[in-house]
J.: 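I'd like to ask some things about the structure below.
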Protein chains: 2
Amino acid sequence: MKSIGEEIQQSEFSDVYQELGINILFTAAWFGERNRLALKDYDISLPQFNVLRILRGQKGQPISVAGLCDRMIDKSSNASRIVDKLEARKLVSRRVCDKDRRQVDVVITDKGTSILEELNEKVPSFKTIMAKQLSTKDAEVLNFALDQIRNQK
Amino acid sequence: MKSIGEEIQQSEFSDVYQELGINILFTAAWFGERNRLALKDYDISLPQFNVLRILRGQKGQPISVAGLCDRMIDKSSNASRIVDKLEARKLVSRRVCDKDRRQVDVVITDKGTSILEELNEKVPSFKTIMAKQLSTKDAEVLNFALDQIRNQK
DNA sequence: GTACATTTAATGTATGTACATATATTTGCA
DNA sequence: TGCAAATATATGTACATACATTAAATGTAC
């Protein structure tokens with residue numbers, strides 16, 4: 001099995017926390033590459049895929065562009081332009097919100113939903129990727145540890 | 001303390017592995033944002049910073065562009081162009097390798113080394129970020145788990 | 001030794017990101 | 001009401017990424 005040190009050919013880290021930081025970054029990038037590869041044939045970028053999944057999670061309820069930003073992993077990505085691309089392909093639709101006409105309501109279309117279903121078969125779920133090596137107990141412990149890492153002064 | 005579900009306002013995940021996957025991606029992005037903020041004043045991008053650190057790790061020994069790619073976290077980033085920017089600011093130097101004239105040897109300059117020293121004071125180390133919430137033992141366990149996740153068929 | 005394949009780096013192009021600014025709408029308050 | 005401040009989205013820009021292609025050097029088969 002390749003350790004993170006072998007992966008990036010770094011023989012030693014200054015300490016185990018440094019190793020862990022790099023390991024988290026590298027593992028995230030590794031997930032990204034896997035998913036990008038799976039999406040390639042459909043000409044859908046990773047952020048586009050994520051937006052579609054957030055919209056599906058809304059179960060038909062519209063969400064504003066700012067709401068999308070809040071739920072996106074990469075906070076600085078430009079949700080407005082990602083929605084542009086998706087709208088151009090009719091995978092989502094956009095409508096000015098009646099109650100607050102500054103807001104724009106975004107919803108996934110039927111076409112978007114059906115593409116997403118196809119994609120879900122191609123993109124391996126995190127469960128598929130991790131369940132063999134990690135018990136649910138392990139996963140819970142990891143989740144707790146990551147939550148803790150981000151919650152420091 | 002905010003869990004990952006609270007961070008991205010997702011009330012429920014399909015399973016704990018899905019939650020963990022998102023958690024890893026989100027934590028990596030969170031690290032990235034912190035570092036980018038710290039580097040902003042120096043007008044050095046994250047990948048540029050990473051390249052400088054790889055070069056410093058070489059302890060004066062030159063490395064090829066392909067060698068940089070291997071050691072970089074984001075495999076698809078264009079090392080050639082990142083080196084362009086660094087060379088333009090005289091933080092690294094580039095020279096055709098004598099033994100194999102297809103290769104280019106990259107080394108960090110004194111100016112690059114001294115900027116990197118400054119940056120290391122500004123950019124919080126992973127140890128600083130994580131040591132309070134995580135024992136070294138915990139960190140070791142996490143490292144092992146992440147290595148395992150990436151090493152599946 | 002020539003011809004072809006492989007390797008290394010650079011470049012071209014489309015898209016995405018980071019960050020500032022612009023535009024429209026709503027809110028708060030004198 | 002009228003007007004400044006705040007909010008929501010879109011847009012402008014420079015740079016970075018993803019991926020294909022090009023150009024030069026080296027390796028290999030004949």
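Computed from a prediction, not measured in an experiment: that's the story for all the values here. Residue numbers start from 1 in every chain, and the chains themselves are labelled A, B, ... in the order their sequence lines are given, proteins ahead of strands.
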J.: Starting at the 5' end of DNA chain D and moving along, which residue's nearest nucleotide shows up first, G67(A) or D98(B)?
T.: G67(A)
J.: Tell me the interatomic distance from I73(A), atom CD1, to dG16(C), atom P, rounded to whole angstroms.
T.: 17 Å
J.: Quick one: D74(A) CG to dT15(C) C1', roughly how many Å, whole number?
T.: 15 Å
J.: Rounded to the Å, how far apart are F49(B) CZ and dA16(D) P?
T.: 16 Å
J.: Measuring centre to centre across the rings, with the benzene-like ring taken for any Trp, is Y42(B) within less than 6.0 Å of F49(B)?
T.: no
J.: Is a side-chain donor or acceptor of E121(B) paired with a backbone partner of E118(B) at a separation under 3.5 angstrom?
T.: no
J.: Verify, without hydrogens or angle tests, whether S64(A) (side chain) and V104(A) (backbone) share a donor-acceptor contact under 3.5 angstrom.
T.: no
J.: Could you state the CE-C1' distance from M72(A) to dT9(D), rounded to the nearest angstrom?
T.: 15 Å
J.: Do I22(B) and I54(A) sit in the same hydrophobic cluster, where Ile, Leu, Val, Met, Phe, Trp and Tyr count as joined when their side-chain heavy atoms come under 4.5 Å apart?
T.: no
J.: Would you kindly say whether N120(A) and R53(A) are connected by a side-chain donor-acceptor distance under 3.5 Å?
T.: no
J.: When you measure from the side-chain N and O atoms of S80(A) to the phosphate of dT11(D), is any distance below 4.0 Å, counting only OP1 and OP2?
T.: no
J.: Take Q103(B) and K99(A), find for each the nucleotide of DNA chain C with the closest heavy atom, and name the residue whose nucleotide sits nearer the 5' end.
T.: Q103(B)
J.: Which pairs, protein N/O on one side and nucleotides 23-25 of chain C N/O on the other, fall under 3.5 Å?
T.:
residue : atom : partner : partner atom : Å
dT25(C) : OP1  : R101(A) : NH2          : 3.0
dT25(C) : O2   : R102(A) : NH1          : 3.4

J.: Quick check for you: among dG16(C), dT9(D), dT17(C), whose closest atom lies nearest to any side-chain atom of K85(A)?
T.: dG16(C)
J.: Between N151(B) and K2(A), is there a donor-acceptor pair closer than 3.5 Å when you use the side chain of the first and the backbone of the second?
T.: yes
J.: For dT15(C), does OP1 or OP2 lie under 4.0 Å from any side-chain N or O of S45(A)?
T.: no
J.: Collect all protein-nucleotide pairs involving nucleotides 19-21 of chain D in which both atoms are nitrogen or oxygen and the distance is under 3.5 Å.
T.:
none

J.: So Q48(A), base contact, sugar-phosphate only, or nothing? Heavy-atom distance under 4.0 Å.
T.: sugar-phosphate
J.: Does S77(B) place a side-chain N or O at less than 4.0 Å from the phosphate oxygens OP1/OP2 of dA16(D)?
T.: no
J.: Mind calculating the distance between CG (L68(A)) and C1' (dA10(D)) to the nearest angstrom?
T.: 15 Å
J.: Any sub-3.5 Å donor-acceptor pair from K111(B)'s side-chain atoms to R89(B)'s backbone N or O?
T.: yes
J.: Whole angstrom is fine here: how far is it from CG in N50(B) over to P in dA16(D)?
T.: 13 Å
J.: According to a strict under-4.0 Å criterion, is R94(B) in side-chain N/O contact with OP1 or OP2 of dA10(C)?
T.: yes
J.: Between D147(A) and R150(A), does at least one N-O distance fall below 4.0 Å, as a salt bridge requires?
T.: yes
J.: Counting only N and O atoms by type, is there a donor-acceptor contact under 3.5 Å from the side chain of Q18(B) to the main-chain atoms of D15(B)?
T.: no
J.: Calculate the interatomic distance between E87(A) atom CD and dT9(D) atom C1'; express it in whole Å.
T.: 13 Å
J.: CG of D70(A) versus C1' of dA8(D): gap in Å, rounded?
T.: 12 Å
J.: When you measure from the side chain of Q133(A) to the backbone of Q148(B), do you find a donor-acceptor pair of N or O atoms at a distance under 3.5 Å?
T.: yes
